[in-house]
Amino acid sequence: MSTTMKIASWNVNSLRVRLPQVLDWLQRQQPDILALQETKLPDDQFPLEPLQEAGYTALFAGQKSYNGVALLSRSAASGATITDLPGMDDPQRRVLGAAFGELYVLNLYVPNGQAPDSDKFDYKLAWLNRLNSFLVEQLQHYPRLIVLGDFNIAPEERDVHDPKAWENSVLFSPPERAAFRALLDLGLTDTFRLFPQPQASYSWWDYRMNAFRRNIGLRIDHILASSALAPLCRNATIDKAPRALERPSDHAPVAAEFTL
DNA sequence: ATGGCGGCTGAGAGCCGA
């Protein structure tokens with residue numbers, strides 16, 4: 001007997017501001033798991049009750065003002081929760097992993113990197129290197145692994161509205177793209193590219209310059225599946241609708257369905 | 001496209017994101 005699991009990711013850019021949109025999206029889309037990034041809330045302010053009333057439980061690793069990740073799920077995680085990359089003593093809350101039965105879900109808010117000549121860029125690459133080492137181990141323990149979230153990397157030219165203009169910019173620079181490819185080389189698959197997709201599909205649009213209306217965007221939010229899971233993926237989508245709402249996040253939710 | 005938006009804090013204007 002097989003079951004379908006719908007797994008989604010959304011950088012909400014403040015869960016305090018976006019909670020009504022998240023509740024509405026959960027009701028409409030009925031994901032089994034929704035990974036959130038940039039909740040920007042300390043844990044004692046996490047809105048657990050309204051999410052529970054909507055039929056979801058939650059794990060969360062937050063901090064004041066910046067970063068913060070959460071995993072909303074219909075069924076509670078079965079354990080093995082982590083909130084840091086091993087060996088990384090980092091106060092920034094960017095990682096939340098948990099097992100859901102045979103499935104392991106790792107929710108990431110990868111550092112932005114600011115600019116290729118900045119210290120933050122070095123931190124981003126070091127972070128991705130740590131992540132890579134961790135995933136080598138994690139794939140051995142959990143063959144059914146999902147790695148999803150805001151990667152802050154557009155992997156390919158077709159993921160960027162104007163690749164020439166962006167070629168050496170943060171989010172699309174060669175070292176970042178190489179770090180992303182190195183994750184795929186571990187045996188992970190970008191589920192979005194398993195299926196035919198509309199031209200110029202993006203998951204983020206700048207708030208400025210009417211970027212969304214003009215579809216000036218980047219695809220930087222991803223759902224990666226291990227080699228055991230990728231063949232079970234049935235579809236992968238970006239839902240642009242919430243980006244068109246009043247007071248939107250600058251990111252759209254992304255989702256993938258698996259038949260397990 | 002990069003000043004141009006929108007979140008945060010703390011009560012101003014500045015930092016940060018992507």
Side-chain angles (χ1 to χ4, degrees), chain A residues 9-22 25 35-47 60-70 90-95 107-125 127-128 131 148-180 192 200-223 238 240 242-254:
Chain A
S9 174
W10 193 4
N11 179 325
V12 290
N13 185 20
S14 170
L15 184 54
R16 210 190 315 269
V17 173
R18 233 65 69 192
L19 181 62
Q21 293 183 19
V22 170
W25 198 81
L36 301 177
Q37 303 88 36
E38 287 208 84
T39 56
K40 298 187 172 180
L41 288 164
D43 288 347
D44 62 5
Q45 292 176 29
F46 191 86
F60 39 93
Q63 66 182 89
K64 191 177 173 176
S65 309
Y66 300 113
N67 309 310
V69 283
D90 189 345
Q92 299 184 37
R93 302 294 78 202
R94 297 180 175 278
V95 175
N107 176 18
L108 303 176
Y109 176 44
V110 176
N112 170 281
Q114 197 165 60
D117 59 355
S118 68
D119 290 346
K120 288 178 179 173
F121 192 83
D122 298 337
Y123 166 73
K124 180 178 192 174
L125 293 183
W127 197 98
L128 288 163
L131 171 66
L148 81 173
D150 178 0
F151 285 73
N152 270 319
I153 301 172
E156 300 178 40
E157 294 199 351
R158 58 182 166 166
D159 300 313
V160 178
H161 70 96
D162 184 349
K164 264 280 176 271
W166 280 82
E167 72 186 337
N168 290 309
S169 301
V170 71
L171 312 182
F172 189 56
S173 72
E176 291 165 272
R177 294 168 65 193
F180 188 87
F192 190 72
S201 287
Y202 308 125
S203 68
W204 172 84
W205 301 261
D206 199 300
Y207 283 121
R208 294 168 288 188
M209 309 291 288
N210 280 315
F212 180 66
R213 187 181 55 73
R214 299 157 64 198
N215 199 28
I216 294 173
L218 306 176
R219 192 177 69 94
I220 57 177
D221 300 88
H222 308 298
I223 301 177
I238 299 172
K240 291 173 71 168
R243 185 64 179 79
L245 297 171
E246 292 291 317
R247 252 192 133 178
S249 168
D250 43 357
H251 294 253
V254 299

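Letters go in sequence order (proteins before strands), and every chain restarts at 1.
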Counting side-chain heavy atoms from CB outward, which of dA1(B), dA18(B), dG7(B) is closest to W204(A)? dA18(B)

Value rounded to 0.5 Å, distance of NZ in K124(A) from CG in D122(A): 12.0 Å

Heavy atoms only, 4.0 Å cut-off, all strands: where does I220(A) land among base, sugar-phosphate and nothing? sugar-phosphate

How would you label the contact of Y202(A) with the nucleic acid (heavy atoms, under 4.0 Å): base, sugar-phosphate, or nothing? nothing

Listed nucleotide nearest any side-chain atom of Y66(A), set dA1(B), dC16(B), dA18(B): dC16(B)

Spacing of Y109(A) atom OH relative to dG7(B) atom P, expressed in whole Å: 14 Å

For atom CG of N152(A) and atom P of dG17(B), their distance in whole Å: 9 Å

R16(A) CZ - dC8(B) C1' separation (whole Å): 9 Å

Of all the nucleotides listed (dG7(B), dA1(B), dG17(B)), which has the minimum atom distance to the side chain of R94(A)? dG17(B)

Looking at every strand, decide which applies to K124(A) at a 4.0 Å heavy-atom threshold: base, sugar-phosphate, or nothing. nothing

Identify, between I216(A) and G113(A), the residue whose nearest nucleotide on DNA chain B lies closer to the 5' end. I216(A)

Looking at H251(A) and I220(A), what are the two nearest heavy atoms and their distance? CE1-CD1, 3.7 Å

For the side-chain contact (heavy atoms from CB on, under 4.5 Å) test, which of D206(A), L171(A), I153(A), N152(A) pairs with L218(A)? L171(A)

Angle between ring planes, F46(A) versus F60(A), binned at 30° and 60°: parallel, tilted or perpendicular? parallel

For the side chain of D250(A) and the base of dA18(B), is some donor closer than 3.5 Å to an acceptor across the two? no

Taking the minimum atom-to-atom distance to the side chain of M209(A), which one of dG4(B), dG7(B), dT9(B) wins? dG4(B)

Of the listed dC8(B), dC5(B), dA1(B), the closest approach to the K40(A) side chain comes from dC8(B)

The side chain of S65(A) is closest to which nucleotide in this list: dC8(B), dC5(B), dA1(B)? dC8(B)

Separation of dG17(B) atom P from L171(A) atom CG, nearest Å, is 11 Å

